[in-house]
Amino acid sequence: MTTWHVLGAGSLGSLWAARLARAGAPVRLILRNPERLAAYQAAGGLRLSEGGEAQRLAIPAELAAATTPITRLLVACKAYDAEAAVASVAARLAPRCDILLLQNGLGSQQAVARRWPQARCIFVSSTEGAYRQGDFDVVFAGQGQNWLGDPQDPTPPDWLATLSAAGIAHQWSEDILARLWRKLALNCAINPLTVLYDCRNGALLAHRAQVLALCDELAVLLRACGQPEAATGLADEVLRVIEATAANYSSMHQDVARGQRTEIAYLLGHACASAARLGLQLPALAAVQQRLHAELLRRGLPVD
Ligand code: NAD
Ligand code: KPL
């Protein structure tokens with residue numbers, strides 16, 4: 001059986017690793033440095049809490065510097081860390097290895113696919129929710145779906161059954177870029193405004209005109225990027241998501257509130273850079289990007 005190497009034992013990486021290991025699949029965690037490895041060994045494995053039940057799994061862990069070849073790599077870092085993380089294990093990648101890229105937004109996946117063309121890069125768009133309540137201690141907080149797809153090749157890999165056996169909800173998508181663009185557009189219409197107004201998602205209904213102006217421009221961008229399906233009904237879905245998640249703080253708001261780096265460059269940054277490349281003037285998006293950059297810099301957070 002092929003080993004799943006999981007690079008990034010944070011929220012989603014731990015969630016995937018724990019479910020795969022629980023189902024008997026061979027899994028190895030790749031940790032950042034010797035201190036993290038020692039802390040992991042002291043903890044005695046990964047703890048996953050789900051539906052009020054917790055289980056600790058002694059999944060083997062190693063450093064990037066280990067020498068065994070990697071045939072299947074799940075990259076579960078933040079978008080801004082993904083390329084450097086893959087580079088740290090590049091010497092170990094088997095010639096036709098699969099690299100699953102679990103990042104939100106767009107841009108980081110393409111960077112990895114360009115740099116390691118010998119690998120099959122599978123992009124994953126996830127609506128599952130997980131958070132860390134401590135070191136190597138993860139809570140599965142929201143059931144969802146994982147769409148997997150390869151923009152270069154619509155043939156599904158033969159290991160999807162392993163995900164089913166592990167209880168990982170998934171669907172193969174022949175148009176994964178449309179899924180990722182749609183999610184990016186939703187995030188661009190909601191997340192930056194929640195930071196600028198320092199509010200929960202639901203409070204954006206008081207700024208409906210601004211949300212709708214962003215949706216109009218995002219739909220123009222999606223069509224210009226060759227993603228007309230991702231543009232269809234965007235504003236309606238954004239309003240539905242705002243209502244359905246009214247009591248929540250967006251992920252970007254949570255990052256900023258914790259003083260953590262955001263994935264802005266792979267969300268609004270990617271949207272604005274794509275617009276510029278296509279020669280599109282999208283003033284509402286550009287204004288939000290400018291205000292968000294100012295706010296992040298004011299808080300000492302990076303804008304890239
Ligand atoms: P996280 O911050 O919890 O975990 C990332 C982990 O990667 C951290 O433990 C970090 O130390 C590790 N890492 C970074 N660089 C590394 C390296 N070079 N070597 C080894 N480890 C390295 O992040 P997350 O919440 O799991 O998010 C991962 C991606 O999934 C993000 O793009 C996020 O937007 C997306 N996502 C997350 C959720 C969620 O509920 N957490 C849901 C949907 C999508
Ligand atoms: O994905 C989200 C996030 O907070 O990142 C939603 C809930 C859709 C808001 O954009």
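Just so you know, residue 1 is the first one in the sequence shown, and it goes up from there. For ligands, and for the atoms within them, numbers begin at 1 and follow the listed sequence.
- With contacts defined as side-chain heavy-atom distances shorter than 4.5 Å, the pair Q103/Q109 qualifies.
- When only interatomic distances are considered, the shortest N/O to N/O separation between K183 and ligand 1 does not fall below 3.5 Å.
- Summarising the geometry of L180 relative to S125, their closest heavy-atom pair is CD2-CB, 3.7 Å, with the distance given to 0.1 Å.
- Counting only non-hydrogen atoms, the option in G10, A130, C77 that gets closest to atom 28 (C) of ligand 1 is C77.
- Residue contact check: L7 has heavy atoms under 4.0 Å from atoms 19 (N), 20 (C) of ligand 1.
- For the pair R261 and Y80, the cation sits on the ring face: its NZ or CZ lies under 6.0 Å from the ring centre, inside 45° of the axis.
- With no hydrogens or angles considered, no side-chain donor-acceptor pair links Q254 and Y131 at under 3.5 Å.
- Counting heavy atoms from C-beta on, the side chains of T3 and V27 never come closer than 4.5 Å.
- Residue D81 has at least one heavy-atom neighbour below 4.0 Å for each of these atoms of ligand 1: 14 (C), 15 (N).
- Within the 4.5 Å cutoff, side-chain heavy atoms of W16 are placed close to those of N146.
- Taking a cut-off of under 4.0 Å to the non-hydrogen atoms of S250, the atoms of ligand 2 that pass are 4 (O).
- Counting only non-hydrogen atoms, the option in N33, L102, I30 that gets closest to atom 30 (O) of ligand 1 is L102.
- Taking any N or O of N187, backbone or side chain, at least one lies under 3.5 Å from an N or O belonging to ligand 2.
- Between R114 and Q110, the side chains place no donor N or O within less than 3.5 Å of an acceptor N or O (distance only, hydrogens not considered).
- Remark: of the listed residues Q210, H293, E217, Q210 is the sole one forming a side-chain contact (heavy atoms from CB on, under 4.5 Å) with V288.
- Checked against L285 for a side-chain contact (heavy atoms from CB on, under 4.5 Å), the options L280, D216, L268, V220 give a single hit: L268.
- Scanning all protein heavy atoms for the shortest distance to atom 37 (C) of ligand 1 gives L12 CD1, 3.6 Å.
- With hydrogens left out, the protein atom closest to atom 7 (C) of ligand 2 is N201 ND2, 4.1 Å, a heavy atom.
- Classification of the W181-H270 ring pair by plane angle, with boundaries at 30° and 60°, yields tilted.
- For ligand 2, the atoms sitting less than 4.0 Å from at least one non-hydrogen atom of V241 are 8 (C), numbered in the order shown with element in parentheses.
- Of the polar atoms of S251, at least one N or O is found under 3.5 Å from an N or O of ligand 2, judged by distance alone.
- Nearest non-hydrogen protein atom to atom 12 (C) of ligand 1 is G8 CA, 3.7 Å.
- Using a 4.0 Å cutoff on heavy atoms, A84 does not count as a contact of ligand 1.
- Under the 6.0 Å distance and 45° angle rule, R19 counts as a cation-pi partner of F140.
- Taking any N or O of S126, backbone or side chain, none lies under 3.5 Å from an N or O belonging to ligand 1.
- Those atoms of ligand 1 that come under 4.0 Å of a heavy atom in G129, given as number and element, are 40 (O).
- No path of Ile, Leu, Val, Met, Phe, Trp and Tyr side chains, each step under 4.5 Å between heavy atoms, connects V75 with L46, placing them in separate hydrophobic clusters.
- Here the protein heavy atom with the shortest distance to atom 27 (O) of ligand 1 is K78 CE, 3.8 Å.
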Test salt bridge (charged side-chain N to carboxylate O under 4.0 Å, His left out) on D137 and R56 and set out the steps.
CA-CA 9 Å; D137 186 352; R56 192 169 293 277; 5.3 Å; no

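- In terms of polar-atom proximity, E263 is counted as a contact of ligand 1, with an N or O under 3.5 Å from an N or O of the ligand.
- Ligand-side atoms of ligand 1 in range of E128: 40 (O), 42 (C), 43 (C), range being under 4.0 angstrom from any heavy atom.
- Residue N191 has at least one nitrogen or oxygen atom sitting less than 3.5 Å from a nitrogen or oxygen atom of ligand 2, judged on distance alone.
- Shown in contact with I190 at under 4.0 Å from a heavy atom are these atoms of ligand 2, numbered in order with element: 9 (C), 10 (O).
- Among all protein heavy atoms, the one lying closest to atom 17 (C) of ligand 1 is A85 CB, 3.8 Å.
- Atom 5 (C) of ligand 1 has as its closest protein heavy atom A76 O, 3.5 Å.
- Side-chain atoms of T245 do not come within 3.5 Å of backbone N or O of N248 as any donor-acceptor pair.
- Close contacts of ligand 1 with R132, meaning ligand atoms under 4.0 Å from a residue heavy atom, involve 1 (P), 2 (O), 3 (O), 9 (O).
- With hydrogens left out, the protein atom closest to atom 11 (O) of ligand 1 is R32 NE, 3.1 Å, a heavy atom.
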